[in-house]
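Beneath this line is the structure, given in structure tokens, with notes to follow.
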Amino acid sequence: MRKLLLLLIFAGAAFKYYNQDQQIDITPEVSLSDWAVKLSEIAPSSKRKNVKLVCPNDHYVSVNHDLSEASCRQRTQL
């Protein structure tokens, strides 16, 4: 894996060196303001209420795999 990574780095440097006359740009056009808007919509807002889940002694907190819900479940013994 390291050899492949080094090969890619040197290939990129060689491509950049030998093609500097042709003005070839392989980097994508990205609008940072669009990404900032998208990330601010995804980020959790600070206005959310802090909800605390307290379970009885013989229960535990169970959380969904996508972290969307939590509930109290009773402990079982084997």
Side-chain angles (χ1 to χ4, degrees):
M1 189 68 186
R2 288 182 189 167
K3 290 180 181 181
L4 178 63
L5 182 61
L6 286 172
L7 178 67
L8 289 174
I9 290 171
F10 284 115
F15 179 80
K16 183 82 171 165
Y17 178 76
Y18 289 113
N19 292 317
Q20 54 184 302
D21 301 356
Q22 299 173 2
Q23 300 295 326
I24 297 175
D25 188 17
I26 58 173
T27 57
E29 293 290 327
V30 177
S31 173
L32 295 179
S33 62
D34 292 342
W35 277 100
V37 169
K38 289 178 186 177
L39 289 175
S40 65
E41 290 172 354
I42 294 172
S45 68
S46 60
K47 295 180 181 179
R48 285 189 178 174
K49 297 178 183 176
N50 290 334
V51 178
K52 188 173 184 178
L53 181 61
V54 178
C55 297
N57 288 339
D58 59 342
H59 289 68
Y60 68 96
V61 177
S62 173
V63 181
N64 284 358
H65 66 281
D66 61 350
L67 305 177
S68 63
E69 294 179 0
S71 61
C72 291
R73 297 219 177 160
Q74 189 170 9
R75 292 185 190 274
T76 57
Q77 293 185 357
L78 298 175

Interatomic distance, [X] atom [atom1] to [Y] atom [atom2] [nearest 0.5 angstrom]:
X     : Y     : atom1 : atom2 : answer
Cys55 : Arg75 : SG    : CZ    : 9.0 Å
Arg73 : Tyr60 : CZ    : OH    : 5.5 Å
Phe15 : Leu8  : CZ    : CG    : 13.5 Å
Leu39 : Leu32 : CG    : CG    : 10.5 Å
Lys38 : Ser33 : NZ    : OG    : 10.0 Å

For this session: Compare all side-chain heavy atoms of Val63 with those of Glu69 and state whether any distance is below 4.5 angstrom.
Result: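 Contact flag for Val63/Glu69 side chains = no.
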For this session: Taking the side chain as every heavy atom from C-beta outward, state whether Leu7 and Lys3 have any atom pair closer than 4.5 Å.
Result: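 Sidechains of Lys3 and Leu7: no contact.
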Exercise. Can you list the residues that meet the side chain to side chain contact (heavy atoms under 4.5 Å, CB included) rule with Asp66, with sequence neighbours excluded?
Worked result: Asn64, Ser68
